Participant: 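This is the structure, below, for whatever I ask next.
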Amino acid sequence: MRKKIIAGNWKMNYCVNKAEDFVNEIKDAINTDEVDVVICPNFVALDRLSDLLDGTNIKLGAQNVYFEDKGAYTGETSVCMLASVGVNYCIVGHSERRQYFGETDEIVNKKAKKLLEKDINPIVCVGETLEEREANTMFDVVEKQVRESLDGIEEAQMKRNVVIAYEPIWAIGTGKTATAEQANEMCRFIREVVSKMYNESVAQAVRIQYGGSVKPANANEILNMSDIDGALVGGASLTNDFVAIVNY
Ligand code: PGA
């Protein structure tokens, strides 16, 4: 039985003080061991939230990382730096990073592998655009993203550490959710791709989240689908709605 994982992607929201206040407000209500709960604030809030979350079951996640170890990469943050403030998870390949910052599957793959070297669990995002869905090419698009982003990752790491997030771009921040059936169909398809790349035991172990306008009103239905193992929550993770989603 795969344990559900619900992650809040705060994106570029909340300065440090506000981040602390909000976590203090909700942390008792989301401190559960029934699902894995992850909070992904901005880099500058990681250290302070790490202290706040110490002693809870809530895990800390980053929203990005660079794949080089160190050096002249102005503005970038290494895996070692994330590990040094107690980061357990890191989102890679979010569609906003692919769209605005030119992140490719090859870059996503390098980042995921580098995170795994330091035992930080990558949350690898994939998902099609509206045009691709309308042209019915979404399965080809997502298969390519999955194959190239996960290329060369070891079987044991796939089972233990890697999380895949299926986020159809047309459902992110738009209020337009994929139906639970559409989301489940793609998550099942991703599992089949993982089975072809590795084997059925890896496919059954890897956790696949859905993301895109998840809110309290749809969380229960989405999280009860057979192949959906959690949610990556954007807008609704910034409010008390996150508490309701975690307690779906
Ligand atoms: P949303 O964002 O929940 O605001 O649609 C999801 C995401 O981008 O991870």
Side-chain angles (χ1 to χ4, degrees), residues 4-14 18-19 22 26 30 35-43 45-46 49 58-65 87-103 105 108 111-112 115 121-130 132-133 138 141-142 145-146 149 162-180 182-184 186-187 190 207-223 225 228-248:
K4 303 270 193 233
I5 173 163
I6 299 177
N9 172 15
W10 287 6
K11 309 191 179 182
M12 199 173 73
N13 292 289
Y14 289 169
K18 172 71 190 164
F22 180 55
I26 63 165
I30 57 168
V35 299
D36 286 334
V37 179
V38 186
I39 290 182
C40 308
N42 176 268
F43 283 132
L46 285 171
L49 292 201
I58 305 160
K59 301 282 192 269
L60 189 63
Q63 299 173 18
N64 187 27
V65 68
V87 165
N88 314 103
Y89 288 86
C90 181
I91 300 169
V92 286
H94 189 280
S95 61
E96 287 149 17
R97 295 218 54 88
R98 292 176 186 262
Q99 187 183 343
Y100 306 133
F101 304 99
E103 210 154 284
D105 291 325
V108 175
K111 290 183 174 185
L115 287 163
N121 304 321
I123 299 177
V124 179
C125 302
V126 297
E128 80 284 359
T129 62
L130 185 59
E132 288 159 348
R133 180 157 282 264
M138 67 269 192
V141 167
V142 171
Q145 290 174 335
V146 170
S149 302
V162 172
V163 177
I164 301 170
Y166 167 57
E167 298 206 305
I169 294 167
W170 47 273
I172 295 177
T174 56
K176 212 174 172 185
T177 326
T179 65
Q182 282 174 323
N184 198 48
M186 187 60 88
C187 290
I190 292 170
R207 293 188 292 181
I208 306 175
Q209 298 174 309
Y210 166 77
S213 300
V214 174
K215 41 190 178 258
N218 59 28
N220 190 277
E221 190 188 6
I222 288 169
L223 290 164
M225 299 305 283
I228 301 179
D229 306 315
L232 184 54
V233 186
S237 71
L238 295 167
T239 69
N240 274 324
D241 281 353
F242 193 58
V243 174
I245 293 170
V246 167
N247 295 293
Y248 70 97

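Source: prediction; values computed, not measured. Just so you know, ligand 1 is whichever comes first in the structure, and atom 1 is the first atom listed for that ligand. Residue numbers run from 1 in the order of the sequence given. As a basis for the values below, the full set of heavy atoms in this structure was taken, side chains included, without hydrogen atoms, waters or symmetry mates.
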Participant: Do the non-hydrogen side-chain atoms of Arg98 and Val108 ever get within less than 4.5 Å of each other?
Facilitator: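 Arg98 reaches Val108 side chain to side chain.
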Participant: Who passes salt bridge (charged side-chain N to carboxylate O under 4.0 Å, His left out) against Glu103, sequence neighbours left out?
Facilitator: Arg97, Lys111
Participant: Tell me whether Asn88 contacts the main-chain N or O of Leu60 through its side chain, where contact means a donor paired with an acceptor under 3.5 Å.
Facilitator: yes
Participant: Taking any residue with a non-hydrogen atom under 4.0 angstrom from an atom of ligand 1, which ones do you get?
Facilitator: Asn9, Lys11, His94, Glu167, Ala171, Ile172, Gly173, Gly212, Ser213, Leu232, Val233, Gly234, Gly235
Participant: Any chance you could measure Lys215, atom NZ, to Ile222, atom CD1, to the nearest 0.5 Å?
Facilitator: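 So the NZ of Lys215 and the CD1 of Ile222 are separated by 8.0 Å.
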Participant: What I'd like to find out is whether the side chain of Phe242 reaches to under 4.5 Å of the side chain of Val37, using heavy atoms alone.
Facilitator: yes
Participant: How many angstroms lie between atom CD of Glu167 and atom NE2 of His94, to the nearest 0.5 angstrom?
Facilitator: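 Here the rounded value is 4.5 Å.
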